[in-house]
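Note that the coordinates shown come from a computational prediction; the quantities given were computed from them, not determined experimentally. Every number for a ligand or one of its atoms is a count from 1 in the order of the listing.
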Amino acid sequence: MRIRWIGHACFLLEGSKTVIIDPFLIGNPVTSLKPSDIKADLVLVTHGHGDHLGDAVEIARNNDCPVVAIHELSRILAAKNIEAVGMNIGGTALVSDVKITMVKAFHSADVEEDSGIISAGDPAGFVVELDGVKVYHCGDTDVFGDMRLIGELYSPDVMLLPIGGWYTMGIQEAVKAVELVKPRYAIPMHYNTFPIIETDPSGFKERVEKAIKDVSVVVLKPGEFFEIQ
Ligand code: NI
Ligand code: MN
């Protein structure tokens, strides 16, 4: 399976199915991809903020594929004439033959509609199992102690986690998050998209690999992928 970082919190998981997570393309300064460039079997959205919900509706329409989100956000999306699958924290669902577990994230969530800003349920993370590889996309979050449980319960091979600070955890917290989850690989995200979340991913890599055994940090540039068996 290939894990391609589009940039910010947006990843494509490319295997027997193609899954796109948090498809923020239009307005994302680190990618020139457009919603019409994306071929996907499934769209996952961690929360309603514009840099995560992004172009989910258009991609779902173009591909005639479902969007998975927390119950409240899925109801907002279902009103847009797309297939929206709602689930909730701790639940596991099989959608488009992909196994998805929704997990906690410590953050906030609303969604901007033409009518104004409305509440969109809690923010979430996902553990996605595709072709035998388990990927934990943390969403926007701080580190929290129960990440240890997520590690114990699902044993993710790869952890995709924010390191940019300001709106999410920064490097100090992210190192602790990797220590709690103990994935085989950690891929940093949600940094250097905008000046306010600028940080140096090599500092994160150095600190993780020095402090934690058997974890490799893979630093990607937007557009690059990491292949895992
Ligand atoms: Ni957010
Ligand atoms: Mn965000």
Side-chain angles (χ1 to χ4, degrees), residues 3-13 19-31 33 35 38 43-59 67-77 84 86-89 100 102-113 116-128 135-144 146-147 150 159-174 177-178 181 186-201 204 219-223:
I3 300 172
R4 187 181 302 275
W5 190 36
I6 304 300
H8 202 56
C10 180
F11 286 87
L12 269 175
L13 310 183
V19 180
I20 189 163
I21 309 175
D22 285 356
F24 170 46
L25 304 178
I26 302 293
N28 183 340
V30 300
T31 184
L33 286 175
I38 302 297
V43 182
L44 307 183
V45 177
T46 60
H47 63 297
H49 289 159
D51 60 318
H52 297 262
L53 178 59
D55 304 291
V57 171
E58 194 177 337
I59 291 168
V67 179
V68 176
I70 203 156
H71 171 70
E72 290 78 4
L73 179 56
S74 78
R75 293 185 63 193
I76 294 167
L77 296 174
M87 58 186 301
N88 219 313
I89 311 289
I100 305 148
M102 182 172 273
V103 296
K104 187 72 197 161
F106 265 66
H107 190 62
S108 64
D110 58 22
V111 68
E112 208 173 331
E113 293 282 85
I117 291 167
I118 56 173
S119 168
D122 284 347
F126 291 107
V127 180
V128 183
V135 178
Y136 170 26
H137 187 297
C138 297
D140 277 359
T141 188
D142 187 14
V143 62
F144 50 96
D146 285 349
M147 280 182 168
I150 294 170
M159 183 177 188
L160 314 176
L161 78 168
I163 64 162
W166 197 284
Y167 298 108
T168 67
M169 57 186 163
I171 288 178
Q172 182 186 358
E173 298 80 15
V178 173
V181 174
I187 301 178
M189 65 167 178
H190 213 279
Y191 67 94
N192 292 357
T193 324
F194 309 106
I196 203 171
I197 55 172
E198 236 164 60
T199 198
D200 178 7
F204 170 68
V219 174
L220 298 175
K221 292 193 178 72

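- Backbone or side-chain N, O or S atoms of Asp140 reach the Ni ion (ligand 1) at under 2.8 Å.
- Within His47, the N, O or S atom at minimum distance from the Ni ion (ligand 1) carries the name NE2.
- Protein N/O/S atoms nearer than 2.8 Å to the Mn ion (ligand 2) total 4.
- Here the side chain of Asp142 pairs no donor or acceptor atom with the backbone of Thr168 at under 3.5 angstrom.
- Residues Ile76 and Glu113 meet the side-chain proximity criterion, which asks for heavy atoms closer than 4.5 Å.
- Not a single N/O/S atom of His52, whether from backbone or side chain, sits less than 2.8 Å from the Ni ion (ligand 1).
- Contact check for Val45 versus Val68: no side-chain heavy atoms found under the 4.5 Å cut-off.
- For the side-chain contact (heavy atoms from CB on, under 4.5 Å) test with Thr141, the passing option among Glu173, His47, Met147 is Met147; the others fail.
- At the Ni ion (ligand 1), the angle from ND1 in His49 to NE2 in His107 is 90° when rounded to 10°.
- Residues Pro35 and Leu25 are in side-chain contact: their nearest non-hydrogen atoms beyond the backbone lie under 4.5 Å apart.
- Of all heavy-atom pairs spanning His190 and His52, the tightest one is NE2-NE2, 3.4 Å.
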Test log, rule side-chain hydrogen bond (donor to acceptor under 3.5 Å, both in side chains), inputs His71 and Asn88: CA-CA 6 Å; His71 171 70; Asn88 219 313; over 6 Å; no

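- Counting heavy atoms from C-beta on, the side chains of Phe126 and Met102 come closer than 4.5 Å.
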